Trainee: 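Pasting a structure below so you can have a look.
Computed from a predicted structure; not experimentally measured. By convention here, the first residue in the shown sequence is residue 1.
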Amino acid sequence: MRDFVIGVRYFLRGMGWVARRPRQWLFGLIPALIVLVVYVVALVLLVRYDWDLAKSMSPFADHWSKGARETTRGLIAALVFAAAIMIAIVTFTGVTLIVGDPFYESLSGRVEESTGGLPPEVDVPLLRTLARATVDAIVVGTVTALFAVLFFALGFVPAVGQTVVPVVAACVSGYFLTFELTSIALERRGMRRRERFAILRRNKGLSLGFGVAVVVVFLIPLGSVLTMPGAVAGGTLLARERLTGPGIPPDHGALAENAA
């Protein structure tokens with residue numbers, strides 16, 4: 001529980017960092033606004049066709065009574081939309097980080113400079129960095145989609161589907177958000193996806209505390225856009241101060257990267 005609270009505090013520290021630097025906050029809003037427009041259009045289309053989708057997913061209810069049929073399809077439509085929201089929350093960060101890679105790389109670097117300086121640079125070409133970020137986003141998006149399907153099915157379980165499942169879904173989403181938001185600082189230290197996941201597993205409390213705080217704020221209308229710069233700053237602080245020490249040098253992975 002203590003680590004969970006510390007993780008939440010790192011998110012708040014990130015928000016405080018950008019609050020004291022309004023120009024950095026505005027700078028970090030640009031990619032988030034671009035991605036937001038795309039996601040809003042997609043969700044509006046889903047709302048428009050959600051009922052039709054629910055009907056196509058429940059042909060077994062065609063001959064039920066009107067009340068039972070509409071209740072079942074209403075539940076399916078709600079669960080489909082909830083699953084879409086979960087996927088959107090998690091993938092929004094990854095997609096925004098890809099679109100805004102130069103923005104957030106710069107912002108994360110300034111966070112590190114303000115707290116002691118950048119680690120020894122790992123020389124990785126920009127195209128390779130973007131390719132890795134894209135692959136990571138696809139991997140995280142795919143895993144998240146699988147979890148969304150699982151939570152969709154569990155949502156039909158009486159009581160549990162309306163209480164326990166949303167809490168577990170928030171924790172899973174938060175874990176993957178922490179992975180995304182710490183990726184810039186950890187990649188700067190030469191860490192690949194497998195290493196980054198291993199670090200998060202060793203620091204579950206920190207990862208969940210930070211990520212769940214992000215999930216809660218991202219659920220607020222426009223929260224994902226307005227707090228994205230702060231979330232990146234917080235992820236950088238978390239990676240720098242907790243996930244890469246003690247015992248892990250700041251240039252971990254640099255030798256292997258350069259050898260490759």
Side-chain angles (χ1 to χ4, degrees), residues 3-36 89-122 129-130 133 136-137 140 173-191 196 199-200 203 205-220 222-245 248 250 252:
D3 284 348
F4 185 94
V5 173
I6 292 174
V8 173
R9 288 176 180 171
Y10 269 97
F11 172 70
L12 296 177
R13 280 185 60 191
M15 294 302 299
W17 192 92
V18 296
R20 294 189 298 273
R21 299 166 177 83
R23 289 185 179 179
Q24 296 300 316
W25 176 67
L26 292 172
F27 180 73
L29 286 182
I30 297 172
L33 286 170
I34 294 171
V35 177
L36 175 68
I89 288 174
V90 176
T91 60
F92 177 87
T93 302
V95 173
T96 303
L97 290 174
I98 293 173
V99 173
D101 181 75
F103 292 83
Y104 296 124
E105 181 70 35
S106 174
L107 190 152
S108 175
R110 289 171 186 173
V111 172
E112 298 227 46
E113 288 173 347
S114 71
T115 54
L118 289 165
E121 184 176 356
V122 178
T129 299
L130 291 175
D136 288 348
V140 172
S173 299
Y175 182 82
F176 285 111
L177 280 174
T178 300
F179 173 82
E180 296 283 4
L181 291 165
T182 57
S183 63
I184 296 175
L186 294 180
E187 284 184 349
R188 185 177 288 128
R189 290 156 172 80
M191 296 187 189
R196 302 202 305 272
I199 287 176
L200 294 189
N203 296 273
L206 289 169
S207 304
L208 289 175
F210 181 83
V212 170
V214 176
V215 169
V216 171
V217 175
F218 275 22
L219 287 173
I220 301 171
L222 294 180
S224 57
V225 175
L226 298 177
T227 61
M228 186 66 183
V232 171
T236 299
L237 291 170
L238 177 63
R240 177 187 178 87
E241 298 178 2
R242 292 282 178 166
L243 303 184
T244 57
I248 302 176
H252 175 74

Trainee: What distance separates L177 CG from T93 OG1, expressed to the nearest 0.5 Å?
Mentor: 4.5 Å
Trainee: For G28 and P229, work out which heavy atoms get closest and say how close.
Mentor: C-CG, 3.5 Å
Trainee: Before giving the answer on side chain to side chain contact (heavy atoms under 4.5 Å, CB included), spell out for L243 and N203 the whole-Å C-alpha distance, their side-chain angles and the decisive distance to 0.1 Å.
Mentor: CA-CA 7 Å; L243 303 184; N203 296 273; 3.8 Å; yes
Trainee: Measuring only between side-chain heavy atoms, which start at C-beta, is R110 closer than 4.5 Å to R21?
Mentor: no
Trainee: Can you tell me how far apart CG (L222) and CG (L33) are? Round to the nearest 0.5 Å.
Mentor: 8.5 Å
Trainee: Is it the case that the side chains of W17 and T115 hold a donor-acceptor pair, with the cut-off being a distance below 3.5 Å and no angle test?
Mentor: no
Trainee: Under the 3.5 angstrom rule, does the side chain of S108 hit a backbone N or O of Y104 as a donor-acceptor pair?
Mentor: no
Trainee: So with a 6.0 Å cut-off around CZ of R9, is the heavy-atom count from everything else above 12?
Mentor: no
Trainee: Does some side-chain heavy atom of S106 sit less than 4.5 Å from a side-chain heavy atom of F27?
Mentor: yes
Trainee: Does L26 reach the side chain of L29, with side-chain heavy atoms less than 4.5 Å apart?
Mentor: yes
Trainee: Between M228 and L97, is the side chain to side chain contact (heavy atoms under 4.5 Å, CB included) condition met? List the steps.
Mentor: CA-CA 10 Å; M228 186 66 183; L97 290 174; 3.9 Å; yes
Trainee: Please check if the side chain of T244 supplies one atom and the backbone of A239 the other of a donor-acceptor pair under 3.5 Å.
Mentor: yes
Trainee: Does the W25 side chain pair with the main chain of R20, one donor and one acceptor, at a distance under 3.5 Å?
Mentor: no
Trainee: Are the side chains of V217 and L226 in touch, meaning some heavy atoms are under 4.5 Å apart?
Mentor: no
Trainee: Show the nearest heavy-atom pair for residues G223 and T227, with the distance to one decimal.
Mentor: O-OG1, 2.5 Å
Trainee: In Å, rounded to the nearest 0.5 Å, how long is the span from CD1 of I30 to OG1 of T96?
Mentor: 13.0 Å
Trainee: Taking side chain as C-beta onward, heavy atoms only, is T178 less than 4.5 Å from L238?
Mentor: yes
Trainee: At their closest point, which heavy atom of S207 faces which heavy atom of Y175, and how far apart are they?
Mentor: CB-CD1, 4.2 Å
Trainee: Hey, does the side chain of T236 reach the backbone of V232 with a donor-acceptor pair shorter than 3.5 angstrom?
Mentor: yes
Trainee: Within this structure, what is the CG-OG1 distance for the pair L200 and T182, rounded to the nearest 0.5 Å?
Mentor: 5.0 Å
Trainee: Measure up the F11 and F210 rings against each other and bin them: parallel (under 30°), tilted (30 to 60°), perpendicular (over 60°).
Mentor: perpendicular
Trainee: Would you say that I184 contacts D101 through its side chain, given a criterion of any heavy-atom pair below 4.5 Å between the two side chains?
Mentor: no
Trainee: Would you mind reporting whether R196 and S183 have side-chain heavy atoms less than 4.5 Å apart?
Mentor: yes
Trainee: If you define the side chain from C-beta out and look only at heavy atoms, does anything of I6 sit under 4.5 Å from R242?
Mentor: yes
